[in-house]
Amino acid sequence: MADVLESPVYARIYATIRRVPRGRVCTYGEIARAAGAGGPRQVGFALRHSFDRRLPWHRILNAAGQIRAPGASGARQRALLAAEGVRFTARGRIDLRRFGWVAPWPAGELPR
DNA sequence: CGTCTGACGATAT
DNA sequence: TATATCGCCAGAC
């Protein structure tokens with residue numbers, strides 16, 4: 001199990017994702033910044049390889065407020081979000097000004 | 001090492 | 001608003 005996903009950076013990525021509140025959403029880029037990850041694509045990688053990790057993975061969208069999860073996951077994501085009260089625009093996007101959540105402080109650090 | 005891929009993001013058009 | 005392009009970066013091989 002010497003999985004790369006067990007490294008500290010992934011632990012921070014997952015920890016940050018777990019902080020996204022129900023009914024709110026966050027972007028790949030914001031998670032990456034707050035977790036001190038290499039970048040948005042690393043967050044995508046983390047999610048793609050994270051079955052069964054008790055993560056609110058469906059609350060992660062791209063910077064345009066669009067679902068980027070591939071295939072069936074996309075439809076599932078949309079349903080999960082709708083179930084938490086997140087509303088979509090007519091063209092299937094989410095208004096980040098309204099549902100967006102920004103990490104208050106970087107993972108690992110505490111406010112002072 | 002070099003090359004390719006991708007659940008990204010910013011910018012130009 | 002949509003598409004094209006480029007920058008970015010971890011992993012896979």
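Quick note on labels: first sequence line is chain A, next is B, and so on, each numbered from 1.
Side-chain proximity of A:Tyr10 to the nucleotides C:dA10, B:dA7, B:dG9 is greatest for C:dA10. Among B:dA7, C:dA12, B:dG6, the nucleotide with an atom closest to any side-chain atom of A:Arg41 is B:dG6. Candidate nucleotides C:dA10, B:dA7, B:dG9 were compared by shortest atom distance to the side chain of A:Arg48, and B:dA7 ranks first. Taking every side-chain heavy atom of A:Pro40 into account, B:dG9 is the closest of C:dA10, B:dG9, B:dA7.
Each of A:Gly39 and A:Arg93 lies near DNA chain C, and the nucleotide nearest A:Arg93 is the one positioned closer to the 5' end.
Between the C1' atom of B:dG9 and the CG atom of A:Asn62 lies a distance of 9 Å, rounded to the nearest Å. At whole-Å resolution of the value, CG in A:Leu47 and P in B:dG6 are 16 Å apart. Summarising the geometry, the separation between CZ on A:Arg68 and P on B:dT5 is reported as 18 Å, rounded to the nearest angstrom. For A:Gln66 and B:dA7, the CD to C1' distance is 12 Å, given to the nearest whole Å.
Annotation: C:dC8 and B:dA12 have their P atoms spaced 15 Å apart (nearest Å). B:dT11 and C:dC9 are spaced 16 Å apart, taking the P atom of each and rounding to whole Å.
With A:Tyr28 as the aromatic partner, A:Arg68 does not meet the cation-pi criteria of under 6.0 angstrom to the ring centre and within 45 degrees of the ring axis.
For the OP1/OP2 pair of C:dA10 and a distance below 4.0 Å, the side-chain nitrogens and oxygens of A:Tyr28 include no atom meeting the criterion.
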